[in-house]
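Here the structure comes first, spelled out in structure tokens, and everything after it is commentary.
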Amino acid sequence: MTSPFSYEALPMRVSFGAGHRSKLADEVNKLGLKRVLVLATEFQKGLAQEISDSLGELSVGVYAKAEMHVPIETVRDAQRFATKAGADGCIAVGGGSTTGLGKAIALEYGTPIIALPTTYAGSEMTPVWGLTADGVKKTGRDPRVLPTSVIYDPELTLSLPVGLSVTSGFNAIAHAVEALYAPDGSPIISLMAEEGVRALITALPNIVNDPQNIAHRGDALYGAWLCGATLGATTMSLHHKLCHTLGGTFNLPHAETHTVVLPYALAYNSPTVPGAIEALRRATGQDKPAGYLRELSLKLGAPASLRDLGLTGADVETTVDLATRNPYANPRKVTPEAIRWLLTAALNGDPVTE
Ligand code: NAD
């Protein structure tokens, strides 16, 4: 029997295909924008400049100071830059950090965003914003920050280093895993999640073997789109809460942290989410999805433990405290003992038991 559900489709246009960044000017015109600002990290400034040049007079220039965790100082600086240039929209070329900057500008000014994702993080598919002020990262949901259009061009991901491709792919898989047992999940989201996991676990080993193969890159980006869409549509649980705490408090790297924690969080929730486990069995072709994800991540060269990422035993206690202070959605009861067990296993890279 189908369980009751509600589902709200998010309004956005997606264009997918190798070379589709050439459609950007059409997209800008379709939205009626006349003066867009191209956002990027310092590292991706060259790409941003190319994109800006391709837009001719539709672009007012490049702001290439996007940073991880969206610091408020950068946001204020970018907002001043956008105002001075008279920008009426933003083009976010990059990963979650760049899209995050576009969202922070949109939150204040309501300016539309066209995203050209270059990682698998999935921020472009969500109305979730994040902002860091005085060392504290706040997040929230607001429909104004959802990109109006997303152009997925796999050619833009060819330069993503293999290591980051793997961990960013696992970051995407984590969205789908938690969407499968989200309190506000639905049949359509479960279909997308299952297919997203299938696409990524197929594509990632192929990318490790042949990183410049555009077909494999396309498969991974397709999976990332689906997984990102599930993130945008549902409420995440224990896994995302732990990663958010570890990233925000100890500055652990985002994608790598998701990769290490996911198998342990899934193993913890496994006994209470039979439907999600069935979907993951179908997607992976494996009987024990949590153990399989762990094995696959190690085979593809991902970090083996939170200790490898810089966490210490003392940090585990702080995280237990922070992650159990406020209640949040999770299918299995969250207790300090359980979180301590889970984090200690992830700290040491212990075998995953499910
Ligand atoms: P990122 O955007 O921080 O990028 C990491 C580094 O890789 C940057 O230096 C970037 O310039 C570089 N890079 C990106 N694409 C590249 C490419 N194709 N080739 C070469 N280098 C490339 O990393 P991320 O994992 O995409 O994003 C992480 C951030 O996004 C975190 O702050 C996270 O909280 C946020 N996020 C937010 C949401 C949301 O819904 N709001 C969702 C996912 C992630």
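This structure is a prediction, so every number in the text was calculated from the model and none was measured. Ligands are counted one by one from 1 in listed order, and the atoms in each one are counted from 1 as well. The first residue in the sequence is number 1, and the count goes up from there.
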> Should you measure from each heavy atom of L156, which atoms of ligand 1 turn up under 4.0 Å away?
Replying inline: 18 (N)
> Ion pair present between D26 and K23, side-chain N to carboxylate O less than 4.0 angstrom?
Replying inline: no
> Which protein heavy atom lies closest to atom 4 (O) of ligand 1, and at what distance to 0.1 Å?
Replying inline: T119 CG2, 4.5 Å
>> How far is atom 21 (N) of ligand 1 from the closest protein heavy atom, and which atom is that?
In response: F43 CE2, 3.4 Å
> Between Y268 and W341, what is the ring plane arrangement, given parallel below 30°, perpendicular above 60°, and tilted in between?
Replying inline: tilted
>> Side chain, backbone, both or neither: which applies to V70 and ligand 1 if a contact is any heavy-atom pair less than 4.0 Å apart?
In response: neither
> If you count the non-hydrogen atoms of other residues, nucleotides and ligands that lie under 6.0 Å from NZ in K241, is the total more than 12?
Replying inline: yes
> Which is closest to atom 40 (O) of ligand 1 by heavy-atom distance: T126, T157, T118?
Replying inline: T126
> Under a 4.0 Å heavy-atom limit, does K103 contact ligand 1 with its side chain, its backbone, both, or neither?
Replying inline: side chain
> Quick one: nearest non-hydrogen protein atom to atom 19 (N) of ligand 1, plus distance?
Replying inline: S159 OG, 2.8 Å
> Looking at atom 32 (O) of ligand 1, what's its closest protein heavy atom, distance included?
Replying inline: K137 NZ, 3.4 Å
>> Between R217 and E155, does any side-chain N to carboxylate O distance fall below 4.0 Å?
In response: no
> How far is atom 1 (P) of ligand 1 from its nearest protein heavy atom, and which residue and atom is that?
Replying inline: S97 OG, 3.4 Å
>> With rounding to the nearest 0.5 angstrom, report the CG to CZ distance, D219 to R198.
In response: 8.0 Å
> How far is atom 11 (O) of ligand 1 from its nearest protein heavy atom, and which residue and atom is that?
Replying inline: T41 OG1, 2.6 Å
> Charged N to carboxylate O under 4.0 angstrom, D321 versus R325?
Replying inline: yes
>> To check you understand the geometry: which heavy-atom pair defines the closest contact between S237 and N330, and what is its length?
In response: CB-OD1, 3.3 Å
>> Quick test of your reading of the structure: of S123, S165, A224, whose heavy atom lies closest to atom 37 (C) of ligand 1?
In response: S123
> Could R76 and E73 be called an ion pair, given the rule that one side-chain N must be under 4.0 Å from one carboxylate O?
Replying inline: no
>> For the residue pair E27 / S149, report whether a side-chain donor-acceptor contact shorter than 3.5 Å exists.
In response: yes
>> If the contact criterion is a heavy-atom separation under 4.0 Å, does L164 count as touching ligand 1?
In response: yes
> Could D88 and K34 be called an ion pair, given the rule that one side-chain N must be under 4.0 Å from one carboxylate O?
Replying inline: no
> Got the closest protein heavy atom to atom 22 (C) of ligand 1, with its distance?
Replying inline: Q44 NE2, 3.5 Å
> Which of the numbered atoms in ligand 1 are below 4.0 angstrom from a heavy atom of G95?
Replying inline: 2 (O), 26 (O)
> Which of the atoms of ligand 1 are close to H69, meaning less than 4.0 Å from one of its heavy atoms?
Replying inline: 32 (O)
> What is the ring orientation for H240 with H258, classed by angle as parallel under 30°, tilted 30 to 60°, or perpendicular over 60°?
Replying inline: perpendicular
> Is L231 touching ligand 1 with its side chain, its backbone, both, or neither, if touching means heavy atoms under 4.0 Å apart?
Replying inline: side chain
>> Can you check atom 15 (N) of ligand 1: any protein non-hydrogen atom closer than 4.0 Å?
In response: yes
> Salt bridge or not for E194 and R282, using N-O below 4.0 Å?
Replying inline: yes
>> Give me the residue, atom name and distance of the protein heavy atom closest to atom 23 (O) of ligand 1.
In response: G96 N, 4.2 Å
> What part of L160, side chain, backbone, both or neither, has a heavy atom within less than 4.0 angstrom of ligand 1?
Replying inline: both
